[in-house]
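These figures come from a predicted structure and were not determined experimentally.
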Amino acid sequence: MKVLIFVSILFFAFVSIYYNRFYLHMAQLVGYKPNEFLNWMNKYDKNNLRRNTILLFLLFICYLFPQRTGNIVLLTAWILISSINIYTHYKTRKKAKKPLKFTYRAIRLFTCALFVNFILAFLTYFVFKSFQAFLNGLILIQVFISYLMLLSLKLMLPIEKLIQQKFINEAREIIRRRKDLLVIGVTGSYGKTSTKYFIKTILSEKYNTIMTPESYNTPMGVTKVVREQLKNEHEIFVCEMGARYVGDIKELCEIVYPKIGVLTAVGLQHLETMGSKENIAKTKYELIESLPDDGIAFFNGDNDICFELSKKRNIETYVYGTSKKEGINIYATDIKNTKEGLKFTVCGNVDGRCVNFECKTKLLGRHNVNNILAGVAVALKLGLSEEEIKRGIEKIEPVPHRLQILDTNNGITVIDDAFNSNPEGASQALEALSEMEGGKKIIVTPGMIELGDAECEENKKFGKKIAEVCDYAILVGKRRSIPIIEGLKEENYKEDRIIVVNSLDEATKVLSKIVQFGDIVLFENDLPDNYNEN
């Protein structure tokens, strides 16, 4: 009996560590928010439900045997089935776009979850004092392990809030002491990461500039940068500001106190969490409302909502865009997508400075011209020369997985736009593809998600646009592809040019059979790590 107990505890430890690590990753992806983790469980954790059904069935089967035999059968079946489930789960999980990071918070949550698991296991053993009850308890803990992670999230929430507030207060005080530091806030439904990077690259030609790295756009991400990376020699801090709920941008502004605000766009991103486009616009505009009376606001004039918002507050305001129209201060002409990147001319007037100069960059897409213009407008206001601005633009490297031209050395042009997931960005990617000269044009995509009630209709529109540009459409996910296929067929797209696959690996194999020298392949969007179509 002692051997059975030892084997049970050992295997339970393995199962608990594996599944808690997986659910920790999912919790991290939703920002450690219990409600969002529960929503994810309800939407995407259906495979776990099927596994649980089998394990629960085992609990009843063991009673058909004599007690000792039943215990051995149950233990053997539990180990066998769980091992197969874990192996299958591990093999079918795709490589994470955002891998699990064992931050101090993640370690605390992981420890709490394991502690909850083992406390329940030991309570089961000491209360019932029978191996059968103990084994049943271990299996039940595994069955409900995702809910125990949810419980751990809630248990840790008050502790995490206290820790976070301490760090936030420290970051706020660091910014307050830096009277000489200029903080530039960048937000928008899309384009904010690229715009932040472009602003930083251009301004670095004259100023010692720091920015929030990657997608560090949450209170704790920004706080970490301020506390650990911001130095006395830095003159400008470019801070990306993300939001999933109303009030998120305001919270960030109360940490870093921006004097310049850049609003890149208002779209449908995070419609599910914000509820309406009006709430999205209100949330993004929190950045502009938080600017001081002597602050400076920059708006994307290509986005209709941004353009209207630019007229709302009475502070110094500049508007940029890719076309000349009334109210636009800085605009671009002669925009052309080539296999080497973009070429365009900057024109306009900022703070009394009239400009007209040609630029080139390794980037693709008119929206990148738009995002670069945000950097140009800010740079002109801050006194950079035309040569400094041109030099900064030429130094801009493509943001990985965002309309990035990959060097294949085989005569095939590959455009990696895997981190794009909104209708505007997808449309711009197809526009860039349409302007490029080459052979066949092939798209590989699962479509778009997180668009709420608009998701199906937007993917149908996406299908129609694909029909106008692409010679082949390789679609990832049979169920997800339905609205895209509907859009393709409405444009009389040839059915033999529509290929539906189950995974990116399968798509790559299919692609290798149809792609030839001179062809252009666009990888548009990739499903997030916490998505599961099953």
Side-chain angles (χ1 to χ4, degrees), residues 24-37 39-40 96-109 153-154 156-175 183-197 199-200 210-230 237-258 261-265 269-274 279-280 282-287 290 399 419 421-422 450 528-530:
L24 172 68
H25 188 195
M26 298 304 106
Q28 191 174 79
L29 290 174
V30 297
Y32 301 104
K33 293 181 172 65
N35 289 340
E36 289 200 30
F37 182 74
N39 290 337
W40 172 83
K97 289 165 66 175
K98 293 184 178 181
L100 171 64
K101 294 182 179 179
F102 270 99
T103 61
Y104 289 122
R105 180 171 188 176
I107 292 170
R108 289 192 294 268
L109 178 58
L153 275 168
K154 291 185 175 182
M156 291 301 296
L157 206 56
I159 298 171
E160 294 300 336
K161 284 184 176 178
L162 288 173
I163 294 171
Q164 287 179 7
Q165 195 57 54
K166 176 180 177 294
F167 291 148
I168 287 171
N169 290 340
E170 288 179 9
R172 186 180 289 133
E173 188 57 32
I174 290 170
I175 296 291
V183 179
I184 302 174
V186 182
T187 193
S189 297
Y190 51 89
K192 56 184 176 292
T193 301
S194 299
T195 301
K196 167 197 67 179
Y197 173 63
I199 291 172
K200 190 265 181 186
I210 184 176
M211 69 176 184
T212 48
E214 300 169 345
S215 291
Y216 274 55
N217 56 22
T218 63
M220 290 314 298
V222 172
T223 294
K224 182 180 176 67
V225 174
V226 172
R227 293 178 66 249
E228 298 178 7
Q229 299 180 30
L230 184 65
F237 174 32
V238 186
C239 180
E240 179 181 342
M241 298 181 171
R244 292 179 66 85
Y245 296 94
V246 175
D248 283 356
I249 300 295
K250 183 181 179 182
E251 182 181 358
L252 287 163
C253 290
E254 290 173 349
I255 298 173
V256 297
Y257 306 107
V262 181
L263 184 49
T264 64
Q269 279 298 84
H270 305 309
L271 185 62
E272 286 183 293
T273 55
M274 292 198 192
N279 281 343
I280 296 172
K282 178 183 176 182
T283 303
K284 301 304 179 185
Y285 195 72
E286 288 170 1
L287 169 58
S290 298
V399 177
F419 279 15
S421 59
N422 61 80
E450 290 188 340
D529 302 321
N530 56 355

- Message: Looking at Val238, is its backbone amide N or carbonyl O close enough to the side chain of Lys196 to form a donor-acceptor pair, meaning the two atoms are under 3.5 Å apart?
- Response: no
- Query: Who are the salt bridge (charged side-chain N to carboxylate O under 4.0 Å, His left out) partners of Glu170, not counting sequence neighbours?
  - Reply: Lys166, Arg227
- Query: Got a sec, which residues hit side chain to side chain donor-acceptor pair (under 3.5 Å) with Thr187, two or more places apart in sequence or on another chain?
  - Reply: none
- Query: For Asn169, does the CG atom have more than 12 heavy-atom neighbours from other residues, nucleotides or ligands under 6.0 Å away?
  - Reply: yes
- Partners of Lys161 by salt bridge (charged side-chain N to carboxylate O under 4.0 Å, His left out), sequence neighbours excluded? none
- Inter-residue atom distance Met156.CE - Tyr32.OH, 0.5 Å rounding: 10.5 Å
- Query: How about Tyr245 and Glu36: does a side-chain donor come under 3.5 Å of a side-chain acceptor?
  - Reply: yes
- Between Glu286 (side chain) and Gly247 (backbone), is there a donor-acceptor pair under 3.5 Å? yes
- Message: Which residues pass the salt bridge (charged side-chain N to carboxylate O under 4.0 Å, His left out) test with Arg108, not counting sequence neighbours?
- Response: Glu160
- Any sub-3.5 Å donor-acceptor pair from Lys284's side-chain atoms to Ile280's backbone N or O? no
- Taken in chain and number order and not counting sequence neighbours, the residues that satisfy salt bridge (charged side-chain N to carboxylate O under 4.0 Å, His left out) with Lys224 are Glu228
- Task: Mind checking the CG-CD spacing from Leu157 to Gln164? Nearest 0.5 Å is all I need.
- Result: 8.0 Å
- What are the two closest non-hydrogen atoms of Ile168 and Pro219, and how far apart are they? CD1-CB, 4.3 Å
- Note on the structure: In this structure, CD of Glu240 is separated from CD1 of Ile184 (nearest 0.5 Å) by 13.5 Å
- Would you give the length of the straight line joining atom CZ of Arg105 to atom CG of Leu24, rounded to the nearest 0.5 angstrom? 10.5 Å
- Rounded to the nearest 0.5 Å, how far does SG of Cys253 lie from CG of Asp248? 11.0 Å
- Might you work through the side-chain contact (heavy atoms from CB on, under 4.5 Å) test for Gln28 and Thr103, ending with a clear yes or no? CA-CA 10 Å; Gln28 191 174 79; Thr103 61; 4.3 Å; yes
- Message: Quick check for you: to the nearest 0.5 Å, what is the distance between Thr223 atom OG1 and Ile175 atom CD1?
- Response: 9.5 Å
- Do we see a donor-acceptor contact under 3.5 Å between the side chains of Glu254 and Ser290? no
- Across all chains, not counting sequence neighbours, the ring-ring contact (aromatic ring centres under 6.0 Å, His included) partners of Phe37 are Trp40
- Nearest heavy-atom pair of Tyr216 and Val222: which atoms, and what distance? O-CG2, 3.9 Å
